[in-house]
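To keep things clear, I will list the structure first and then write my remarks on it.
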Amino acid sequence: MSVIAGVGNLLADETLWQARLDPRRPAGSLTPVELDRLRRELRASIRSASRHGGVHSGEVIPARRRGGVCPRCAAEMERTDIGGRTTWWCPREQT
């Protein structure tokens with residue numbers, strides 16, 4: 001049996017980017033379809049991180065910086081703090 005204590009900033013950013021969900025949305029506003037997509041992408045992101053040596057290996061992680069661009073559409077990534085934590089997202093795709 002394995003246990004995960006929580007989802008950190010890198011894993012959260014990767015998962016929300018993969019699921020194309022805006023990190024500023026309240027969790028209670030997600031539809032059942034969006035929640036299922038989020039669950040699937042979280043599992044996939046964890047599996048990928050395990051295979052590739054950690055969450056720093058995610059597709060969107062290199063773009064989490066000033067001047068970084070979305071790997072899918074090349075829009076400039078945006079940054080904000082939510083609940084005291086830094087998050088980066090693609091304003092074009094994560095709506």
Side-chain angles (χ1 to χ4, degrees):
M1 180 174 178
S2 299
V3 176
I4 295 178
V7 175
N9 295 18
L10 296 179
L11 184 58
D13 286 356
E14 180 71 21
T15 300
L16 290 167
W17 179 76
Q18 292 288 353
R20 297 177 191 245
L21 294 171
D22 189 325
R24 299 167 297 174
R25 281 188 60 192
S29 75
L30 298 175
T31 67
V33 170
E34 290 170 326
L35 286 169
D36 188 53
R37 186 169 71 231
L38 181 61
R39 178 194 57 80
R40 285 192 321 267
E41 293 301 344
L42 177 58
R43 290 185 66 176
S45 293
I46 292 170
R47 282 193 302 270
S48 178
S50 295
R51 281 193 310 271
H52 296 104
V55 294
H56 65 280
S57 62
E59 288 181 60
V60 79
I61 302 309
R64 294 178 80 252
R65 60 180 172 75
R66 188 169 284 124
V69 297
C70 175
R72 285 192 294 246
C73 74
E76 187 169 343
M77 298 291 284
E78 290 192 12
R79 175 194 181 277
T80 196
D81 292 330
I82 299 173
R85 297 172 63 152
T86 300
T87 188
W88 291 85
W89 78 97
C90 173
R92 187 178 298 158
E93 295 190 355
Q94 290 176 257
T95 57

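We use all heavy atoms of the structure for the numbers below, so side chains are in, but hydrogens, waters and symmetry mates are not.
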- Query: If you draw a 6.0 Å radius around CZ in Arg43, do more than 12 non-hydrogen atoms from other residues or ligands fall strictly inside?
  - Reply: no
- Leu21 reachable from Leu35 in the ILVMFWY side-chain graph, under 4.5 Å edges: yes
- Query: If you measure only the distance, is there a donor-acceptor pair under 3.5 Å linking the side chains of Asp13 and Thr87?
  - Reply: yes
- Task: Can you see which heavy atom on Glu34 is nearest to which on Ser29, and at what distance?
- Result: OE1-O, 4.1 Å
- Query: So, for Asn9 and Arg64, which heavy atoms are closest and what is the spacing to 0.1 Å?
  - Reply: CB-NH2, 4.0 Å
Show me the donor-acceptor pairs, under 3.5 Å and distance only, between side chains in residues 55-63 and residues at least two apart or in other chains.
from, atom 1, to, atom 2, distance (Å)
Ser57, OG, Gly54, O, 2.6
Glu59, OE2, Gln18, NE2, 3.2

- Query: Measuring from Leu16:CG to Leu38:CG, what's the distance to the nearest 0.5 Å?
  - Reply: 6.0 Å
- Could you state whether Leu42 and Leu10 fall into the same hydrophobic cluster, counting links through intermediate Ile, Leu, Val, Met, Phe, Trp or Tyr residues with side-chain heavy atoms under 4.5 angstrom apart? yes
- CZ-OG1 distance between Arg37 and Thr31, expressed to the nearest 0.5 angstrom: 7.0 Å
Compile the donor-acceptor pairs under 3.5 Å between side chains in residues 73-81 and protein atoms, sequence neighbours left out, one pair per line.
from, atom 1, to, atom 2, distance (Å)
Arg79, NH2, Thr86, OG1, 3.4
Asp81, OD1, Thr86, OG1, 3.1

- Query: Has the side chain of Ser45 got a donor or acceptor atom that lies under 3.5 Å from a matching backbone atom of Glu41?
  - Reply: yes
- Not counting sequence neighbours, which residues clear side-chain contact (heavy atoms from CB on, under 4.5 Å) with Arg66? List them please. none
- Query: How long is the span from the CD atom in Glu93 to the CH2 atom in Trp17, to the nearest 0.5 Å?
  - Reply: 7.0 Å
- Could you state the interatomic distance from CG (Asp36) to CG (Leu30), rounded to the nearest 0.5 Å? 11.5 Å
